[in-house]
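Heads up, the thing below is written out as structure tokens.
For clarity, every value in this text was computed on a predicted model and none was experimentally measured. These values consider heavy atoms only, across backbone and side chains, with no hydrogens, waters or symmetry-generated copies.
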Amino acid sequence: MSAKEPFYGFVPRMVSSKAAQQVMNGETNPFTKKPYSGQYKKILEARKKLPVFGQMDEFYTMFNKYQIIVMVGETGSGKTTQIPQFVCYSDLPHTRGKLVACTQPRRVAAMSVAKRVADEMDVPLGKQVGYSIRFEDMTEPGTTFLKYMTDGMLLREAMHDPDLTRYSTIILDEAHERTMATDILMGLLKALSRRRDDLKIIIMSATLDALKFQKYFGSTAGDPAPLFKVPGRTHPVEVFYTQEPEPDYVEAAIRTVLMIHRAEDPGDILLFLTGEEEIEDACRKIKLEADDLMNQDPSSVGPIACVPLYSSLPPQQQQRIFDAAPAAKGDGPPGRKVVVSTNIAETSLTIDGIVYVVDPGFSKQKVYNPRIRVESLLVSPISKASAQQRAGRAGRTRPGKCFRLYTEKDFMNELEEQTHPEILRSNLANTVLELVKLGIKDLVRFDYVDAPAPETLMRALELLNFLGALDDEGALTPLGAMMAEFPLDPQMSKMLIVSPEFNCSNEMLTIVAMLSVPNVWLRPPNMRREADAAKALLTVPDGDHLTLLNVYNNYQLNRDDRQWAWNNFLAGRALAQADNVRAQLQRTMERFDIDLVSTQDERKLYVNVRMALVCGYFMQVAHREGEKNQYMTVKDNQVVGLHPSCGLDTTPEWVIFNEFVLTTRPYIRTVTTVKPEWLLEYATTYFDFSTMPKGEARRALEAVYNKKHGKRKELDNESDNSTTRKSKKAKRT
DNA sequence: GAGCACTGC
């Protein structure tokens, strides 16, 4: 290195903040050797005002000394943008052919932070600083040394390189969110830190659970990992509670919004509710009542704009949350914007200008019941951490107020400290397969930050064993190794891999892709009949899986017609996404030399597809009990009905289903009719009579078995043709 | 005769 080299004399991981700042304040960009731009200097001045910048010295002392650091930084501390840069100046990954990784739970965050940091470092995005998310790799091998990425992406990389050798430092950001991928990564990194003493690890989190991470990542001697703490930069938020519990939180929320509108100073309102329907309904009511108020007394109440926000809203409409509040009418008071949102506004989206938050204290949360193998969404009380996060949304631009629609006593005594991490609320089939592929031998004794219920692990192991992904000893089979490579639930990767045997891998690729994206069916409230009619035209009566195939094929045939999706009440965004997913899955198929084949004869094709579906979803079979829309899931004996969105024109005796949903009653959704012979043939071990509970389903299967094997002839059963027609006439009345 | 909380590969 020459004397002109800005990093001259720098030794990796022995760099002081003084030296680093000298380079930052110099004239030459040490990473590009080009002179710094004017923009760089301007941004640098702003960076210097961030709380974390003032603690650079403390950071380097710790970073240089310890292998693992837990960092706590509240919103506005600048940790996500600054810490990875600080690390680069001491770690000097570019001089050693290494990378610094910083993970994010969300794609947009990985992209936007990478862009910001590239600007701050005065380099083009995708060169020295890049990002890597599914479907998009904005990095340049050999050049990129600071990479923002989704946590799931790093987990995928670990499957191929368990020692993550490319990285010199790994930073897990937003660890407090406890996504499944971050939780698994924490377990892997803890073990890896003992194999690779050259690897540095930083766990970054919002305040609350730092001690948990410190203990988890502590030394074997029991000392907690060192803590680096940076204050945030937000405005104070005054919190109010109700005196009594509110029996109807939606009604109370609307009342509170109107109270704020009448009595409080100007400033926008953010109201948290739990779902689309609730939100649309509340928006209508607020608008109606606020308009009434203004008409009654235009001199004291201003106009109001009520904006809904939830993820399935088209991006264009989501943008409305950033519109300015409506202007005052004449000399009247200024207008006010009310955003009524799901949890999306708690973490994923920030809206500036919010001064008032109304928090009823509920959100929809995923829960998993391993006993009946069902994930469902339940409206549940939020955690204290969540309530604090919501309140904080009122103090981003100036001091604000938060109205909690529950008592202070309930807040103190009833709310959990933290939302349960995802790993405790999910079906783990996929995760277990990933862990086994990662070489984790004993899943029950894996060092989880929070260990899932043994029953949940057992359910996952059982499923993977039935699918043939794990052998009876729990070891990965060649099939399982292949399945783990697909970004899919194991049932889906299984049916994809076997689909060439049924001559329908092209079709199965499509179906799996369609099952992996959000619902494609649109049903605007004022056009339900038209939407249903459009759907009926695309429906294949043998099953919803085939209908999805048909929808995709028609979408492809009409690619040139930009209006096609809209005219058919289909979500164009979801279809485009399916296209993307399909291409990615196809690449994985090709990598494994799995044949891409089709059946030409449509009637045979549909049968072939249905048989292949059985190979993956044989554990999700329901048998009709009686004549009406009443089914019983095989083996766990849950009474379910076909979901009203189901397109079957009959109620067949045997169906497989993709989803079990628990709403007004238990429903099975995305359903296709199958033949009992297929169950016996393609899932022999699962449909072993000795392990099946007695009942109609078992009797019917036994009859099929005996008939085939000529043991005993059933006289009263014509088997799979015994479907009953649903009365279309009765349906309409 | 209902509804996708939110992410991610």
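Rounding to whole angstrom units, CG of residue L185(A) and C1' of dC9(B) are separated by 12 Å. A straight line from CD1 of I344(A) to C1' of dT7(B) spans 10 Å, rounded to a whole angstrom. Rounded to whole angstrom, the span from the CZ atom of R106(A) across to the P atom of dC6(B) amounts to 12 Å. Distance D489(A) CG to dC9(B) P: 15 Å, rounded to the nearest Å. Counting to the nearest Å, the C1' atom of dG1(B) and the CZ atom of R665(A) are 10 Å from each other. Between N343(A) atom CG and dA5(B) atom C1' there is a gap of 6 Å when expressed in whole angstrom units.
Each of dA5(B), dG1(B), dC6(B) was ranked by its minimum atom distance to the side chain of S348(A); first place goes to dC6(B). With distances taken from any side-chain atom of L377(A) to the nucleotides dG1(B), dA5(B), dC9(B), the minimum falls on dA5(B). Residue T150(A) places its side chain closer to dC9(B) than to any other of dT7(B), dC9(B), dC6(B). Of the candidate nucleotides dC6(B), dG1(B), dG8(B), dG1(B) has the atom nearest to the side chain of R523(A).
In this model, the phosphate group of dC9(B) is approached by a side-chain N or O of R107(A) to a distance below 4.0 Å at OP1 or OP2. Put simply, T179(A) has no side-chain N or O that comes within less than 4.0 Å of OP1 or OP2 on dT7(B).
A distance of 6.0 Å or more separates the ring centres of F657(A) and Y617(A).
Listed by chain and residue number, D450(A) satisfy the side-chain hydrogen bond (donor to acceptor under 3.5 Å, both in side chains) test with K212(A) (two or more places apart in sequence, or in another chain). Looking at residues two or more places apart in sequence or on another chain, you find a side-chain hydrogen bond (donor to acceptor under 3.5 Å, both in side chains) between S363(A) and Q365(A).
Among the heavy atoms of the strands lying under 4.0 Å from R528(A) is at least one base atom, whether or not backbone atoms are also near.
Inter-residue side-chain proximity for V367(A) and E375(A) is flagged as unmet; no heavy-atom pair is nearer than 4.5 Å.
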